[in-house]
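Down below is the structure, laid out as structure tokens.
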Amino acid sequence: MPTIFLMDIEAPRIAKKAQPGQFIILRIDETGERIPLTIADFDRKKGTIAMIFQAVGKTTAKLAALKTGDAILDFIGPLGNPSEIEKGGMVVLVGGGVGVAPIFPQARAFKEAGYKVISIIGARSANLLLWEDRMREFSDELYITTDDGTKGHHGFVTDIVKKILESGTKVDRVIAIGPPVMMRAVAGVTRPFNVKTIVSLNSIMVDGTGMCGACRVLVGNETKFACVDGPEFDAHLVDFTLLMNRLSMYQPEEKAAFEKYKCEREGCTC
Amino acid sequence: MLARQKMPLQDPGIRRSNFKEVALGYTDEQAVEEAKRCLQCKKPKCVEGCPVEVHIPDFIKHLAEGDFDSAIKNIKTDNALPAVCGRVCPQETQCEASCILKKKGEPVSIGRLERFVSDKELAKGSEVPERPKPSGKKVAVVGSGPAGLTAAADLARMGHSVTIFEALHAAGGVLTYGIPEFRLPKDIVKAEVEYVKKLGVNILLDSVIGKIDTVDDLLLEFDSVFLGTGAGLPVFMNIDGENLNGVYSANEFLTRVNLMKSYRFPEYDTPVRKGKHVVVVGGGNVAMDSARCALRLGAEEVTIVYRRGEEEMPARAEEIEHAKEEGIQFRLLTNPLRLEGDAKNWVTHIECINMYLCEPDGTGRCRPMPLSGSEHKIEADVVIMAIGTSPNPLVPRTTTGLEMSKHGTVVAKENGETTKKGVYAGGDAVTGSATVISAMGAGKIAARAIDDYLKTK
Ligand SMILES: Cc1cc2nc3c(=O)[nH]c(=O)nc-3n(C[C@H](O)[C@H](O)[C@H](O)COP(=O)(O)OP(=O)(O)OC[C@H]3O[C@@H](n4cnc5c(N)ncnc54)[C@H](O)[C@@H]3O)c2cc1C
Ligand SMILES: Cc1cc2nc3c(=O)[nH]c(=O)nc-3n(C[C@H](O)[C@H](O)[C@H](O)COP(=O)(O)OP(=O)(O)OC[C@H]3O[C@@H](n4cnc5c(N)ncnc54)[C@H](O)[C@@H]3O)c2cc1C
Ligand code: SF4
Ligand code: SF4
Ligand code: FES
């Protein structure tokens with residue numbers, strides 16, 4: 001089971017400009033891949049950026065192996081468009097898995113903009129739940145769900161979203177960040193209620209500046225580049241099947257690279 | 001008249017499976033022999049064909065005398081990137097097109113000679129030029145492609161303090177992320193970038209202008225800004241199936257291969273799909289480079305699909321020649337209609353239609369028209385779209401008062417001046433995709449204009 005890591009990176013120039021909804025791209029070393037990670041938090045005074053990530057492959061495992069005081073070769077951002085946060089209203093924030101991390105700065109920003117904030121955070125199991133305390137601080141209501149019932153509601157985040165909407169509560173906006181299947185499910189639940197729903201798309205990226213088109217997604221039947229046109233889009237217009245298909249593009253290569261890395265690090269048994 | 005010296009090349013059968021440089025470079029003897037062909041014209045036509053005004057007969061004279069050091073010194077007063085230009089300038093339409101010898105036969109191989117003396121110098125380490133007296137003025141250059149590097153080098157030589165902001169993790173623009181190793185080794189680009197740094201230019205990588213800082217932010221700190229942001233936005237055809245797995249923009253494919261070195265995967269972490277049957281759509285240098293990279297990654301068959309004829313191909317003749325020698329297939333007068341995929345969203349075929357050419361259109365080229373009934377499918381597990389690029393909108397979108405054309409290019413006068421005070425632009429960002437040397441020429445002209453502007457401040 002992949003483990004979750006939290007990392008603070010000293011990057012004062014980026015911390016000064018970062019906004020909720022944005023991400024960074026990093027490259028650990030000379031032979032490294034460029035990978036995008038959401039800005040989970042920023043501290044303008046200390047000049048730090050917090051990231052939360054799951055060690056799912058070689059790059060994230062390499063990242064997880066870094067120790068306090070180590071340096072990352074390239075750290076680029078803030079990229080993407082900040083979340084749209086107007087004045088006041090009611091927002092439902094849904095975070096699944098590591099998706100809780102990018103939801104957090106939004107909770108804070110929405111709260112500060114005078115919104116009533118209902119947050120729903122979910123994970124497969126209680127021990128994978130993130131940032132419950134931080135989320136509670138900026139939420140008027142906080143719901144927890146786990147797939148295995150080890151904490152909170154036994155089931156999916158969508159169950160709670162549905163309950164809230166069915167109860168007749170007037171919701172201005174739903175924001176869902178998490179695995180694509182989760183975001184698709186949330187979109188499915190909110191569509192009949194006609195509630196504006198925003199998701200943050202985690203497509204494969206290379207440059208993050210609109211130069212390569214690796215991150216292209218289909219939104220309302222139009223091709224968009226997630227890195228510069230997004231990463232947030234109207235969930236009801238997103239082609240999630242395409243997103244998921246494209247995310248699997250390098251699975252064989254990624255798997256091979258990860259296995260090789262583990263072998264090298266842990267001593268080979270194969 | 002002496003015959004033009006032939007460029008020694010790596011054998012096509014061998015080079016098609018490695019990323020080492022194709023053209024090996026002249027030997028000392030060859031270079032001197034070739035230099036002796038130059039007539040040392042009083043009014044050298046060749047210089048008029050060079051956008052950065054290299055003193056061609058002068059450097060060739062030193063070379064003919066065996067004085068390689070003086071030859072390179074001479075070039076470098078006008079051109080900060082001679083090892084690059086000597087390799088990728090379309091000399092046949094630039095300096096060499098204007099060489100007087102061309103009328104009688106073959107022009108002097110100016111580009112190859114330029115490459116020769118640059119390589120000589122790089123091999124022993126380039127000299128640190130003297131720094132001029134500081135002017136006290138600061139200029140920000142956005143983008144480290146040939147336009148930005150040239151503007152920066154010239155401005156530094158004029159005594160200004162110059163900082164380049166580059167979005168990627170390496171400097172060089174297309175020279176680094178686009179043009180492949182086998183045509184332009186990255187060590188050469190790095191060495192030329194190092195030289196620009198030695199002139200006193202500060203390069204800040206990983207800095208996306210429009211995100212970390214806007215141009216308006218930069219103007220608070222700098223006296224002037226030069227935009228050399230290139231034309232890096234990939235264009236797609238908007239046909240069915242373009243988002244299938246295995247379909248790349250040339251930019252993505254080449255960035256993975258060149259910048260991220262995925263041809264050395266898994267030593268380098270970035271993967272690229274190595275196709276068996278690769279189809280590249282387009283007929284320019286970008287298409288040739290993509291096709292030849294795909295071949296070197298191990299494809300069994302690489303086909304270029306182009307909607308016009310060979311005459312109309314915008315790629316350099318030499319590149320088309322080299323691609324053919326390596327076994328790249330050409331399907332000319334063929335245009336894609338749509339792409340087909342399997343249940344897992346992977347591309348399997350590209351459906352095309354044959355074309356014919358009728359009367360020339362406004363651009364003077366013949367207009368391709370589809371030949372109905374000629375639809376056919378080509379097997380493909382990787383498809384690379386190399387049909388062009390347009391300027392990246394990141395800077396224009398975030399800069400106040402900067403006028404853009406409807407094609408997304410920055411509107412600039414001949415001297416690079418934009419509609420925003422203190423902001424100049426040049427290269428592909430202004431012209432749309434063009435050439436290395438035209439971008440450098442624009443950088444040079446803009447540097448002069450910026451220098452004049454700074455004197456009035
Ligand atoms: C804008 C943006 C923001 C992102 N923010 C975060 C973040 O804050 N935290 C975070 O952990 N990840 C985030 N991601 C995803 C992250 O970039 C990838 O997890 C990372 O690239 C994986 O690299 P790797 O080399 O370790 O694994 P790879 O070798 O690239 O992938 C290993 C396997 O994991 C799968 N995989 C990759 N990403 C995910 C994912 N997010 N969820 C489930 N399975 C996945 C792949 O399909 C593959 O099978 C974000 C992506 C984008 C585009
Ligand atoms: C594959 C390929 C092969 C080619 N072959 C040849 C050839 O053989 N001969 C030839 O003469 N020409 C060739 N060309 C064309 C030539 O490379 C370009 O015309 C030339 O590089 C343009 O130079 P430039 O400085 O204007 O822009 P670029 O080289 O595109 O450089 C622009 C730079 O600006 C950076 N940038 C963009 N936006 C920002 C931002 N917001 N903030 C910070 N930085 C930013 C980019 O990352 C990039 O590094 C080729 C092009 C390609 C793609
Ligand atoms: S820079 Fe290019 S155009 Fe000018 S002399 Fe050299 S090869 Fe010719
Ligand atoms: S035009 Fe040709 S022959 Fe004359 S100086 Fe130039 S390179 Fe030499
Ligand atoms: S990541 Fe390259 S265009 Fe978005």
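We name chains A, B, ... by the order of the sequence lines, and we start the count at 1 in each one.
- Between the CE atom of A/Met249 and the CG atom of B/Asn345 there is a distance of 8.5 Å, given to the nearest 0.5 Å.
- Neither the backbone nor the side chain of A/Tyr261 comes within contact range of chain B; no heavy atoms are under 4.5 Å apart.
- Taking a 6.0 Å sphere around CD of A/Glu10, one finds it holds 12 or fewer heavy atoms contributed by other residues, nucleotides or ligands.
- Considering only heavy atoms from C-beta on, B/Pro271 comes within 4.5 Å of A/Glu33 through its side chain.
- For a residue to count as touching a neighbouring chain, one of its non-hydrogen atoms must lie under 4.5 Å from one of that chain's; by this rule A/Leu218 touches chain B with the side chain only.
- Within the 4.5 Å cutoff, the side chain of B/Arg256 has heavy atoms near those of the A/Val206 side chain.
- Between A/Tyr250 and B/Arg273, the shortest heavy-atom contact is CE2-N, 3.8 Å.
- Contacts of residues 234-244 of chain B with chain A at a heavy-atom distance below 4.5 Å involve B/Pro234, B/Phe236, B/Glu242, B/Asn243, B/Leu244, listed in sequence order.
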side-chain contact (heavy atoms from CB on, under 4.5 Å) between A/Lys16 and B/Ile212, intermediate numbers included: CA-CA 9 Å; A/Lys16 217 166 87 189; B/Ile212 185 88; over 6 Å; no

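- Side-chain atoms of B/Val272 and A/Glu253, non-hydrogen and from C-beta on, never get closer than 4.5 Å to each other.
- Judged by distance alone, the side chain of A/Lys17 and the main-chain N or O of B/Lys211 form no donor-acceptor pair under 3.5 Å.
- Residues A/Lys62 and B/Asp269 are paired through a salt bridge, judged by an N-O separation under 4.0 Å between the basic side chain and the carboxylate.
- The backbone N or O of A/Ser248 sits nowhere less than 3.5 Å from a side-chain atom of B/Asn245 that would complete a donor-acceptor pair.
- Judged by distance alone, the side chain of B/Asn392 and the main-chain N or O of A/Thr209 form a donor-acceptor pair under 3.5 Å.
- Counting only distance, with no hydrogens or angles, the side chain of B/Asp206 and the backbone of A/Ile76 share no donor-acceptor pair below 3.5 Å.
- Proximity to chain A is absent for every atom of B/Arg264, based on heavy atoms less than 4.5 angstrom apart.
- Atom CG of A/Asp70 sits in a crowded spot, with more than 12 heavy atoms from other residues, nucleotides or ligands closer than 6.0 Å.
- Between chain B and the residues A/Arg216, A/Lys260, A/Arg13, the most heavy-atom pairs under 4.5 angstrom are made by A/Arg216.
- The backbone N or O of A/Gly213 lies less than 3.5 Å from no partner atom in the side chain of B/Ser249, so there is not a single donor-acceptor pair.
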Check against side-chain contact (heavy atoms from CB on, under 4.5 Å), A/Asp207 and B/Thr255: CA-CA 9 Å; A/Asp207 61 301; B/Thr255 300; 5.7 Å; no

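- The minimum heavy-atom distance linking A/Glu30 with B/Tyr268 is given by the pair O-CE2, 3.5 Å.
- Interface remark: A/Arg246 contributes backbone and side-chain atoms alike to the contact with chain B (heavy atom separation under 4.5 Å).
- Taking B/Phe253, B/Phe265, B/Tyr248 one by one and counting their heavy-atom pairs under 4.5 Å with chain A, the maximum is reached by B/Phe265.
- The shortest distance between side-chain heavy atoms of B/Met260 and A/Arg27 falls below 4.5 Å.
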Stepwise side-chain contact (heavy atoms from CB on, under 4.5 Å) test for A/Leu26 and B/His169: CA-CA 10 Å; A/Leu26 61 81; B/His169 62 252; over 6 Å; no

